[in-house]
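Reading through the structure tokens given below for one structure.
Scope of the values below: all heavy atoms of this structure, side chains included, with no hydrogens, waters or symmetry mates.
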There are 2 protein chains.
Amino acid sequence: MKAPAFRRIEPDARRLALIEACARVLARAGSAGVSVRAIAVEAGVSPGLVSHYFPGIEALVAATYAHVEGAVAETLDRAVEAAGPDPRARLDAFVTTTFAPTIADPQLLATWIAFWSLVTARPAIAAQHDEQYAGSRARLESLLGDCGMPPGEQRRAAIAVSALLDGLWLELCLSPGCFSAEEAGDIARRFLDTLISTGR
Amino acid sequence: MKAPAFRRIEPDARRLALIEACARVLARAGSAGVSVRAIAVEAGVSPGLVSHYFPGIEALVAATYAHVEGAVAETLDRAVEAAGPDPRARLDAFVTTTFAPTIADPQLLATWIAFWSLVTARPAIAAQHDEQYAGSRARLESLLGDCGMPPGEQRRAAIAVSALLDGLWLELCLSPGCFSAEEAGDIARRFLDTLISTGR
DNA sequence: TTGCTTGTTGGACGATCGTACAACAAGGCG
DNA sequence: CGCCTTGTTGTACGATCGTCCAACAAGCAA
């Protein structure tokens, strides 16, 4: 009796396993340390399998970004739902969760940076970024609209809030000692106060 | 009579030439396309010379970031000076110039991304980022103080403004079609209005 | 059980990477 | 003019990269 040399699993599950392995490698070694072989070792498969499922590292990084971004969005959505019916409380939950340790994580940032490094040179990846950024902004517009913000102002406000959150999130990951997640949340919530209370 | 095979220049000038060549390679090929050989070709020197001046690519990228960041800071300072004595006009000039084509440039972003990708893994580079971020924030605190903001609020406000500018700058580079530089400037200036006018 | 489908292996291949070092020559000095 | 310092070259080296593909075997169907 011998143990199987490998396990056959359905393509979708294998793709997901490779994506998760890629995310772990990016978290550990950064965008410079990601390679077909490193991901294969991390996933416990042979190097050839990575090339069999993805035409190249770039495609795998793009798929990993899409997956991780989806997981982050899901976490945020769950936090918003858990906040109850009050629109402002839901918006605050969105902000607070953005800076929670699970999301404002330097290891997560590595996936973003690896993806950003491809945006400028690869048109297909630039299109993917446009799409995911638009989706994120739309979610924010919806939350702002629920707080009574007129539709005409939602787009601009969502751009502003998204930029502020992104900037705080980025620095929180890059220089964790400079300010705290609570401070970032306070800054963002105070900004939302001025956006929502004033009628402009 | 034969032309010289190469030119000897003083070490500081050679270092600068290599840094500028690195910036051009990063702008053209992104952080993935940067290598000792590519930089050597760009600078018109032999591959061995790069290793002779920098212990590795990472050190050269860090030096390039420091140099480019310094140039950006100088551009912003000049714009602030050119704005005249009015504190608020100086602050507005700072914002407007941040989104000017020279600075909000996808090619410049490549240098930032290459540097960011090293921050998490390399403590020395993390320290360099902390230092340059603190400097950028101090410059902003000074401009805010000139507008009458109490010292106790300057730190938090500088973090907020810096994050908003960074976030807008980042998206302006990554998705140039989503919103314009003028729109980004309007958003930032409006944010400054609420920060400065209100007494909190 | 036997056969077939196909997910998976694992090594070979050429290209490119960073590094090191001995040889060369440009430019200043005596 | 010839020597000396040293900035610079150019190559060789081993490691690692992404890609490819023939062979293998796991698991289902009959």
Side-chain angles (χ1 to χ4, degrees), chain A residues 1-22 24-26 28-64 110 114-115 117-118 121-122 124-125, chain B residues 1-22 25-26 28-64 114-115 117-118 121-122 124-125:
Chain A
M1 185 180 187
K2 54 182 175 181
F6 59 89
R7 225 167 40 104
R8 293 172 87 117
I9 65 180
E10 58 177 329
D12 285 344
R14 182 66 76 186
R15 277 182 62 93
L16 184 59
L18 290 175
I19 285 172
E20 288 171 343
C22 180
R24 287 194 299 272
V25 171
L26 281 171
R28 187 199 320 128
S31 50
V34 74
S35 73
V36 169
R37 288 164 212 270
I39 294 167
V41 169
E42 179 68 33
V45 299
S46 71
L49 198 60
V50 177
S51 295
H52 182 262
Y53 277 96
F54 295 93
I57 289 288
E58 297 186 358
L60 178 48
V61 167
T64 301
F115 180 76
S117 73
L118 304 174
R122 319 289 164 179
I125 292 189
Chain B
M1 186 180 187
K2 54 183 177 182
F6 59 90
R7 225 166 43 101
R8 293 171 85 118
I9 63 179
E10 56 177 331
D12 285 345
R14 183 65 78 185
R15 277 182 63 92
L16 183 59
L18 290 174
I19 285 172
E20 287 170 346
C22 180
V25 171
L26 280 171
R28 187 199 321 127
S31 50
V34 75
S35 71
V36 168
R37 288 165 213 273
I39 294 166
V41 170
E42 179 68 34
V45 299
S46 71
L49 200 60
V50 178
S51 296
H52 182 262
Y53 278 96
F54 294 93
I57 288 289
E58 298 185 356
L60 178 48
V61 167
T64 302
F115 181 77
S117 73
L118 303 175
R122 319 288 164 180
I125 292 188

Evaluate the side-chain contact (heavy atoms from CB on, under 4.5 Å) criterion for residues B/Ser46 and B/Leu49: first the C-alpha distance (whole Å), next the side-chain angles of each, then the deciding distance (0.1 Å), finally the verdict. CA-CA 6 Å; B/Ser46 71; B/Leu49 200 60; 4.2 Å; yes
Provide, to the nearest angstrom, the distance between the CZ atom belonging to B/Arg8 and the P atom belonging to C/dC24. 15 Å
Base, sugar-phosphate or nothing for B/Tyr53? Non-hydrogen atoms, less than 4.0 Å. sugar-phosphate
Provide, to the nearest angstrom, the distance between the CD atom belonging to B/Glu10 and the P atom belonging to C/dG28. 12 Å
For the pair made of NE2 in B/His52 and P in C/dG18, what is the distance, rounded to whole Å? 18 Å
Note: for A/Phe54 and B/Leu49 on DNA chain D, the residue whose nearest nucleotide lies more 5' is B/Leu49
Please check if the side chain of B/Ser117 supplies one atom and the backbone of B/Ala114 the other of a donor-acceptor pair under 3.5 Å. yes
Between CD1 of A/Ile39 and C1' of D/dC17 the distance, given in whole Å, is 13 Å
Across the strands shown, which category fits B/Val45 at heavy-atom distances under 4.0 angstrom: base, sugar-phosphate, nothing? sugar-phosphate
Residue pair B/Gly48/B/Phe6 against DNA chain C: nearer the 5' end by closest nucleotide is B/Gly48
What contact category does B/Ser35 fall into here, base, sugar-phosphate, or nothing, at under 4.0 angstrom with non-hydrogen atoms? sugar-phosphate
Contact check, side chains of B/Val41 and B/Val25, non-hydrogen atoms, under 4.5 Å: no
Taken to the nearest whole Å, CZ/B/Arg37 to P/C/dT19 is 11 Å
What is the distance, rounded to the nearest whole Å, between atom CG of A/Leu60 and atom P of D/dC17? 15 Å
Around atom CZ of A/Arg7, are there more than 12 heavy atoms of other residues, nucleotides or ligands at under 6.0 Å? no
In whole angstroms, the gap separating P of D/dC20 from CD1 of A/Ile57 amounts to 14 Å
Here the distance between atom C1' of D/dG7 and atom CG of B/Leu16, to the nearest Å, is 17 Å
I want to confirm an ordering. Mapping B/Ser51 and B/Arg7 to their closest nucleotides on DNA chain C, which one lands closer to the 5' end? B/Ser51
Pair A/Phe115-A/Leu26, side-chain contact (heavy atoms from CB on, under 4.5 Å): steps then yes or no: CA-CA 11 Å; A/Phe115 180 76; A/Leu26 281 171; over 6 Å; no
Give one of base, sugar-phosphate or nothing for B/Arg14, where a contact means two heavy atoms less than 4.0 Å apart. sugar-phosphate
